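Remarks on the structure that follows.
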Amino acid sequence: MSGGRGAPLVLGVRHHGPGSARAVRAALDAARPAAVLIEGPPEADGLLALAADDGMRPPVALLAHAVDDPGRAAFWPFAEFSPEWVAIRWALAHGAAVRFVDLPAAHTLAGAEPTWGDGEAGQGGLRIDPIAELARAAGYDDPERWWEDVIEVRGADAPADPVAPFEALADAMGALREAYGHGGHARDLVREAYMRLQLRSARKEFGDDVAVVCGAWHAPALTRKATATADRALLKGLPKVKTEMTWVPWTHRRLARRSGYGAGIDAPGWYGHVFAAPDRPVERWMTKVAGLLRAEDRIVSPAHVIEAVRLAETLAAMRGRPLAGLGETTDAVRAVMCDGSDVPLDLIRDRLVVGDVLGEVPAAAPAVPLQRDLARLQRSLRLKPEAQERELELDLRKENDAARSRLLHRLRLLAVGWGEPVAGRGSTGTFRESWRLRWEPELHVRVAEAGVWGTTVASAATAKAEARALEATALADVTELAEQCLLAGLGEALPVVMTALADRAALDTDVGHLAQALPALARSLRYGDVRATDTAALAEVAAGLADRICVGLPPACTGLDTDAAAEMRGRLDAVHTALGLLPDSAERTDRWTGVLRGLAARDSVPGVIRGRAARLLLDEGRLDEDEAARLMGLALSPGTPPADAAAWIEGFVGGAGGGGGMLLVHDERLLGLVDDWLTGVTGEAFTDVLPLLRRTFSAYEPGVRRTLGELVARGPSAAATRSEAGTPGFAEGLDEERADGVLPVLRLLLEDDEPGRADR
């Protein structure tokens, strides 16, 4: 039994449900107990008073972590519609004693794996789902629908005796436990033993004037007869660790079952609405949906809302449900507001059914010093944590934006992934950064873990960077770290990082490693210029790496297999780009040009690298078109194996961006060489080279591929023979009338510039 005269009141609930929460509040109002015991970690008893603070807004969670290993953590989430939260608030408002009585977090965190905290009935290792079993017995094929009909949306059909539903549910759970031999996980038996001991202690203090709010599965176990000696025996020898606890913000999205939370629900946003709506929940929900769809520029009128409400109620009556639930409202919205399409429904599910609500906790809640410093920085930089993903554009020339950038980069170095850098909106300059921000509750654990490095974000990031520099063994890791330090503005860590960088660079003789490391150094020098950082030592190391690459790259490119050649081609591109970012040096430029010329002319170098070297020289203006045509002619000569020739083509006209396609469009002589070679390939060899050719030409834009096809279909032109025709790929003369038609567009593009510029 759940309660009665001469016995404590045991209220078995589902951990997150508006109907359960309302029923708990009604039962407590009727019983007026002197003490309320709640399933949860007893170490949090000292934090319960904060639940009444004006700054506490659910959803929130209790966070426990091991002091010596902050990564071992557990959460106990609460929503506004959680029965436990309602019980806490009721006790604080009515002057009743309130305590947590579940197994201490010290034992929970000492187990084999971290946990989310309390589990739902049917979760946490049970072999059965009790809700599903009861639904099946009632003739339902959907456990969620049965629970909604019986508990969550009973509406005006609530019984006169508020305790009666809990007694019936406890009897049903008791029958299930008997049928399955108390079928719980061993951990449940230990938890229930501890809860019984706490209940005995409370009865000694308050008599039977005690109420217990716990998961419905545990309710029969708390009232069954068991000796204190037997319960203590179950608890003897449990492992234990030192823990700390606090309140942290939570989100509706993290309450959802799909987030991995064992006690999760499918529709926290819907449940929150049902709990908060004082009356006419379906009408109010349809109004919310209509507002969301109108904000997305869909035509939804009040007539749509009225018709959707009528349809939802009709569907509920046809399906024998007491009130329209989420299924009926969703079907009605699809039919009336979405024209039968599921596409708008995905938006409704994401924004309303689940939602991005982020809770708040008061400043008085305990926190590690690093968390307090982070909160201070978030306030001063006006960078509020939000559950919904958003884009942030930063202009590093502005002081506040530069400070935001440093904070986000420091947090990334500390493995607190609040922000993720993304490609900007068409800007490749170093003065702009784009970030994608989203605050997840688990980041509080990451902050606690990072607290071992320091008490402020800056000091912690500096200490971790120095430690990583000393531990790193790969040159690329140290160069990446140097780049992170510059982005994060960690000037104090740079001396240690630079010493490690110089040591690794001096010892590493692998040209591939040097080529992999140089781009990060070049970017670091560029970022240092933007952030006014002294990068003289970095420039010296980068120059040394560049010289060593120029010496060691040619022999490293000899005798490579296909995969190694493709990888080296990527490094060749990266080094070429990096050298363009280093401070100007005519001597280095001439040396690199000599390296590329040597690679382009050496037969022992794989075709993909020879072709790429020739293309880089051509793009830089250090190889004229006649010489490029000669190299292509040699590479595509009949004596060259077709696979080698195809690899040369891939290196010369392939690559990111499809620039090689435009090269062929504007130089029909090169296109003619490729066409002549391709038409001369035998059938057997063509099968071998086809994958390379498809990979090369499929990277081009559709318009480029179409133009190439038209040029090939047209056949050789006068331009292809390099006669007096003028620029290859263009007409002989200028069509002034067509050219003048471009001027109005240019004026629009340059309207912010000085007058008359478009005419010059």
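Sequence positions, counted from 1, serve as the residue numbers for this chain. Keep in mind that what you see is a predicted model, and the values were worked out from it rather than measured.
- Listed here is the closest heavy atom pair of A332 and A312: CB-N, 3.8 Å.
- With respect to the salt-bridge test (charged N to carboxylate O, under 4.0 angstrom), the residues R319 and D331 qualify.
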Test side chain to side chain contact (heavy atoms under 4.5 Å, CB included) on V213 and V13 and set out the steps.
CA-CA 7 Å; V213 179; V13 300; 4.2 Å; yes

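- Listed by first then second residue, pairs satisfying side chain to side chain donor-acceptor pair (under 3.5 Å) with a partner in residues 40-57 read R57-E360, not counting sequence neighbours.
- Aromatic ring orientation, F78 versus W85: tilted (interplanar angle from 30° to 60°).
- A heavy-atom distance below 4.5 Å is not found between the side chains of I38 and V101.
- For the residue pair P41 and D102, the shortest heavy atom distance occurs at N-CB, 4.4 Å.
- Note: T108 OG1 to R187 CZ = 5.0 Å, rounded to the nearest 0.5 Å.
- Aromatic ring centres of W76 and H15 lie farther apart than the 6.0 Å criterion allows.
- Put simply, the side chain of R438 gets close to the backbone of A387: a donor and an acceptor are under 3.5 Å apart.
- Listed by chain and number, the residues in a side chain to side chain donor-acceptor pair (under 3.5 Å) with D356 are R253 (sequence neighbours excluded).
- Side chains of L293 and I348 form a contact here, defined as non-hydrogen atoms less than 4.5 Å apart.
- Under the 4.5 Å side-chain criterion, counting only non-hydrogen atoms from C-beta, L63 is not in contact with W247.
- Every residue meeting the side chain to side chain donor-acceptor pair (under 3.5 Å) condition with E205, not counting sequence neighbours, appears here in chain and number order: R99.
- Residues L48 and L92 share a closest heavy-atom pair of O-CD1, 3.3 Å.
- Remark: R351 engages no residue in a side chain to side chain donor-acceptor pair (under 3.5 Å) (not counting sequence neighbours).
- The closest donor-acceptor contact from the side chain of H107 to the backbone of P239 lies under 3.5 Å.
- Ion pairing of D209 with R203 is absent here, as no side-chain N (NZ or NE/NH1/NH2) approaches a carboxylate O to less than 4.0 Å.
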Given salt bridge (Lys or Arg N to Asp or Glu O under 4.0 Å), test D339 with R334 step by step and report yes or no.
CA-CA 6 Å; D339 300 322; R334 179 191 291 110; over 6 Å; no

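- Judged purely by distance below 3.5 Å, without hydrogens or angles, the side chains of D29 and W90 pair a donor atom with an acceptor atom.
- Between the side chain of S82 and the main chain of E84, no donor-acceptor pair closer than 3.5 Å is present.
- Look at E313 and R310 and you find no salt bridge, because none of the NZ, NE, NH1 or NH2 atoms lies under 4.0 Å from a carboxylate O.
- With S201 contributing its side chain and L197 its backbone, the two residues share no donor-acceptor pair below 3.5 Å.
- At a threshold of 4.5 Å between non-hydrogen side-chain atoms, the residues V212 and L222 count as touching.
- Remark: the backbone N or O of P366 is paired with a side-chain donor or acceptor of T246 at under 3.5 angstrom.
- Of the possible donor and acceptor atoms, none in the side chain of S341 sits under 3.5 Å from a partner among the backbone N and O of C338.
- Side-chain contact between L235 and L103 is present, with at least one heavy-atom pair separated by less than 4.5 Å.
- Minimum interatomic distance between P441 and P249 (heavy atoms only, all atoms of both residues): CB-O, 3.8 Å.
- Judged by the 6.0 Å and 45° rule, R177 forms a cation-pi pair with W217.
- Separating the OG1 atom in T223 from the CG atom in L9 is a distance of 11.5 Å, to the nearest 0.5 Å.
- R32 is linked by a side chain to side chain donor-acceptor pair (under 3.5 Å) to H94, counting only residues two or more places apart in sequence or in another chain.
- Counting only distance, with no hydrogens or angles, the side chain of R294 and the backbone of V300 share a donor-acceptor pair below 3.5 Å.
- The shortest side-chain heavy-atom distance between L169 and M173 falls under the 4.5 Å cut-off.
- Listed by first and then second residue, the ring pair (Phe, Tyr, Trp, His ring centres under 6.0 Å) pairs involving residues 283-312 are W270-W285, H273-W285 (not counting sequence neighbours).
- Between E328 and R321, at least one side-chain N (NZ, or NE/NH1/NH2) sits under 4.0 Å from a carboxylate O, which counts as a salt bridge.
- Counting heavy atoms from C-beta on, the side chains of T329 and L326 come closer than 4.5 Å.
- Comment: R390 engages E386 in a salt bridge, judged by a side-chain N to carboxylate O separation of less than 4.0 angstrom.
- Here the closest heavy-atom approach between residue L50 and residue A365 is recorded as CD1-CA, 3.8 Å.
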For the pair M245 and L47, evaluate side chain to side chain contact (heavy atoms under 4.5 Å, CB included) and give the outcome as yes or no after the intermediate values.
CA-CA 8 Å; M245 296 205 70; L47 303 175; 4.1 Å; yes

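- In this structure, the side chain of R196 engages the main chain of A221 through a donor-acceptor pair within 3.5 Å.
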Walk me through it: do F100 and L37 pass the test side chain to side chain contact (heavy atoms under 4.5 Å, CB included)?
CA-CA 6 Å; F100 284 122; L37 309 182; over 6 Å; no

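- Rounded to the nearest 0.5 Å, atoms CD (E39) and CD (E192) are 9.0 Å apart.
- In this structure the side chain of D350 never reaches within 4.5 angstrom of the side chain of V354, judged on heavy atoms.
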